[in-house]
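All remarks here apply to the structure that follows.
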Amino acid sequence: MPSSVEPFGLYLGGKWTSPAKAKRFETVNPATREPIASFVAGTADDVGRAVAAAEKAFPSWKETPAPKRGDLLLEAARLLKQRKPEVGKIVTQEMGKVIAEGLGDVQESIDFIEYMAGEGRRLFGETVPSELRSKFCLTVRQPKGVVACITPWNFPTAIPNWKIAAALISGNTVVFKPASNTARCAVEVVKTYEDAGVPPGVLNLVTGSGGVVGNALVSDPRVRTVSFTGGVETGREVYVRGAQSLKMVHLELGGKNPVILMEDADLGLALDGVLFGAFGTSGQRCTATSRLIVHEDVYEEFLGRLTDRLDRFPVGDPLDPKTAMGPVASADQERKILEYIAIGKKEAKLRYGGEKLTGGLFDRGYFIGPTIFETRHGSRISKEEIFGPVLSVLRVKDYAEAVRVANDVDYGLSSSIYTRDVNRAFRAMEDLEAGITYVNAPTIGAEVQLPFGGVKNTGNGGREAGSVAIDEFTEIKTVFIDFSSKLQKAQIEDDGGE
Ligand code: UN1
């Protein structure tokens with residue numbers, strides 16, 4: 001049956017196009033299962049055309065002075081500010097996060113685009129002394145060329161913008177492949193740059209599956225860098241595939257982020273933090289609090305208070321400002337999370353929730369209630385990323401055990417400790433194996449002007465956001481200028497001769 005939803009095309013070389021006979025897919029609202037819009041299922045040919053358009057646009061974009069590129073970014077940020085209410089609503093309708101977070105997703109985009117616009121007047125290199133006289137040494141940053149940005153659905157505007165704004169300010173041209181279930185949000189991302197006046201071919205959009213569009217992009221030797229955020233398994237495939245053409249592959253992958261709750265913590269503060277960290281975005285953040293490691297002295301009291309609060313935790317329509325948690329993002333997500341809940345029921349003690357919600361509006365969407373398991377360290381639910389509203393609680397006897405448990409997972413993105421002891425807070429800053437550590441705050445809520453990324457299986461060493469975001473998208477060129485008018489030899493002792 002032909003659908004009545006709005007059809008969107010690919011964005012290639014500055015034009016929205018729908019290839020003849022293109023296959024299409026639809027996105028759906030996870031709170032209602034109503035279709036949102038339809039998109040082209042891109043092919044390897046479409047990727048070829050997008051890369052060609054990006055390649056063609058590159059020389060002139062590279063020559064555009066970086067502060068001028070910054071002006072275009074600033075205009076994109078300004079437009080997005082105007083559109084924030086509308087785009088925030090699209091985020092909530094297509095991805096399911098509550099409206100305050102949908103708007104927050106857009107705000108994170110605005111913040112980062114503005115921040116990167118300013119980078120157009122920095123893009124710093126270094127000047128460094130030479131070991132020889134009358135010789136000057138410096139570094140400059142140069143763009144890489146065509147880069148691919150492959151992004152997930154959980155921050156459907158913010159993560160694309162983290163990548164696209166950093167890539168563009170650095171002088172690269174981009175092919176953007178968004179997660180399929182949030183393609184409508186991706187259209188908004190692209191339109192913002194289009195309306196800001198970013199020239200044709202500088203940013204291109206190819207919607208479609210990872211297996212076709214993603215693989216074609218990662219395999220294409222003309223693409224010099226791939227920036228990927230997603231799951232570990234896919235990340236590993238992307239890394240291996242990209243290695244064939246020796247391209248730089250930047251990976252931002254999963255997390256199993258702990259909050260450590262010490263016996264001297266402000267429990268009321270921690271309660272708010274754990275609820276937001278574990279159940280905000282229905283637990284579907286890479287940074288979500290998925291483990292709560294609690295000192296035995298406060299274990300029972302804290303868990304009691306936590307479950308009391310959950311009795312009054314509003315789950316429901318994500319567009320209603322009173323709702324704290326909406327649906328999970330898709331049928332796939334729902335299935336995977338329910339599988340983990342079933343595993344948890346076998347290996348751990350279910351303390352709260354543990355069910356798909358039913359009745360009324362819940363029957364229309366993908367709703368899972370906030371879930372808490374009490375478990376031992378080493379169980380699957382305590383070590384594997386679930387990416388849903390499922391919190392594993394672990395009891396420990398002291399700080400040393402808390403840190404050992406916190407670190408004994410394959411991931412290392414975010415981490416947190418609640419304590420009033422300043423020495424312990426600084427100790428934790430050194431001890432926790434993670435790219436991000438919070439003190440007296442939950443594991444979520446990183447700000448764009450600071451680096452974002454993790455250790456171990458969370459990535460392969462790079463960082464997004466902050467001023468270091470441009471490292472991913474620039475080549476460093478080293479320049480030596482010898483103004484001595486004679487041949488000078490580094491490392492070789494002056495023999496006083498010719
Ligand atoms: C993610 O889940 O991949 O720190 C990104 C945070 C957000 C970004 C999360 N600012 O929770």
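Owing to the predicted nature of the structure, the values given are computational and were not obtained by experimental measurement.
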Partners passing side-chain hydrogen bond (donor to acceptor under 3.5 Å, both in side chains) against Tyr193 (at least two apart in sequence or in another chain): Asn161

Contact list for residues 354-369, test side chain to side chain donor-acceptor pair (under 3.5 Å), sequence neighbours left out: Glu334-Lys356

Partners of Phe387 by ring pair (Phe, Tyr, Trp, His ring centres under 6.0 Å), sequence neighbours excluded? Trp153

Could you pull out all residues at least two apart from Thr281 that satisfy side-chain hydrogen bond (donor to acceptor under 3.5 Å, both in side chains)? Glu101, Arg285

For residues 207-251, which residue pairs qualify under ring pair (Phe, Tyr, Trp, His ring centres under 6.0 Å), counting only residues two or more places apart or in two chains? none

Can you list every ring pair (Phe, Tyr, Trp, His ring centres under 6.0 Å) pair that touches residues 391-431, not counting sequence neighbours? none

Set of ring pair (Phe, Tyr, Trp, His ring centres under 6.0 Å) partners for Tyr438, sequence neighbours left out: none

Taking side-chain hydrogen bond (donor to acceptor under 3.5 Å, both in side chains) as the test, write out the residues that go with Arg376, two or more places apart. none

Sequence neighbours excluded, the answer for ring pair (Phe, Tyr, Trp, His ring centres under 6.0 Å) partners of Phe362 is Phe367

Side chain to side chain contact (heavy atoms under 4.5 Å, CB included) partners of Asp272, counting only residues at least two apart: Arg309

Partners passing side-chain hydrogen bond (donor to acceptor under 3.5 Å, both in side chains) against Ser467 (at least two apart in sequence or in another chain): none

List, one per line, each side-chain donor-acceptor pair under 3.5 Å for residues 179-186, sequence neighbours excluded.
| residue | atom | partner | partner atom | Å |
| --- | --- | --- | --- | --- |
| Ser180 | OG | Gly208 | O | 3.2 |
| Arg184 | NH1 | Glu188 | OE2 | 2.8 |
| Arg184 | NH2 | Glu188 | OE2 | 3.1 |

